[in-house]
Amino acid sequence: MKTVLETVLLASQEPLPVAELKKLFDEEPATDTLRRVLDELRRDWQGRGVELVQVASGWRFRARPMAPTWPPGPWAVTPGQCSMQATWA
């Protein structure tokens, strides 16, 4: 479950609500279980340049506000912005 959530959230351009994340699985997990795994993922990503956060519209990965915007140019990531292209460039 953890790997599926991590992959989908990293690839998503938009925040994903818990209701949508539950639909990823054949047997929908309990909301408490899903939140526990999301909190675990959040802890796993602590101290990195990207963080998992819960926003009003759901869960998403984003660049940490303190992350450097290097290298300069089209690959630079501004705080709160995170796309697969920017993350892996």
Contacts of R48 meeting salt bridge (charged side-chain N to carboxylate O under 4.0 Å, His left out) (sequence neighbours excluded), chain-then-number -> none
Can we say E51 and R42 salt-bridge, meaning some charged N sits less than 4.0 Å from an Asp/Glu carboxylate O? no
Contact check, side chains of S12 and R60, non-hydrogen atoms, under 4.5 Å: no
Would you indicate whether the side-chain heavy atoms of L9 and L38 approach each other to under 4.5 Å? yes
According to salt bridge (Lys or Arg N to Asp or Glu O under 4.0 Å), does anything in residues 2-11 pair up with another residue at least two apart or in another chain? List the pairs. K2-E40, K2-D44
Salt bridge (Lys or Arg N to Asp or Glu O under 4.0 Å): pairs with one or both residues in residues 7-21, sequence neighbours excluded: E20-K23
Partners passing side-chain contact (heavy atoms from CB on, under 4.5 Å) against S57 (at least two apart in sequence or in another chain): P15, V55
Between R62 and L52, is the side-chain contact (heavy atoms from CB on, under 4.5 Å) condition met? List the steps. CA-CA 7 Å; R62 70 173 182 189; L52 177 62; over 6 Å; no
Under the side-chain hydrogen bond (donor to acceptor under 3.5 Å, both in side chains) rule, what pairs show up with a residue in residues 26-36, not counting sequence neighbours? K22-T31
Do V53 and V18 belong to the same hydrophobic cluster, where Ile, Leu, Val, Met, Phe, Trp and Tyr are linked whenever their side-chain heavy atoms lie under 4.5 Å apart, directly or via other members? no
Could you go through F25 and L5, starting from their C-alpha distance and side-chain angles, then the distance that decides it, and tell me whether this counts as side-chain contact (heavy atoms from CB on, under 4.5 Å)? CA-CA 10 Å; F25 304 95; L5 292 172; 4.1 Å; yes
Looking at CG of L10 and CH2 of W45, how far apart are the two atoms once the value is rounded to the nearest 0.5 Å? 5.0 Å
For L16 and W59, run side-chain contact (heavy atoms from CB on, under 4.5 Å): C-alpha distance rounded to whole Å, both residues' side-chain angles, the deciding distance at 0.1 Å, then the answer. CA-CA 5 Å; L16 296 172; W59 289 81; 5.6 Å; no
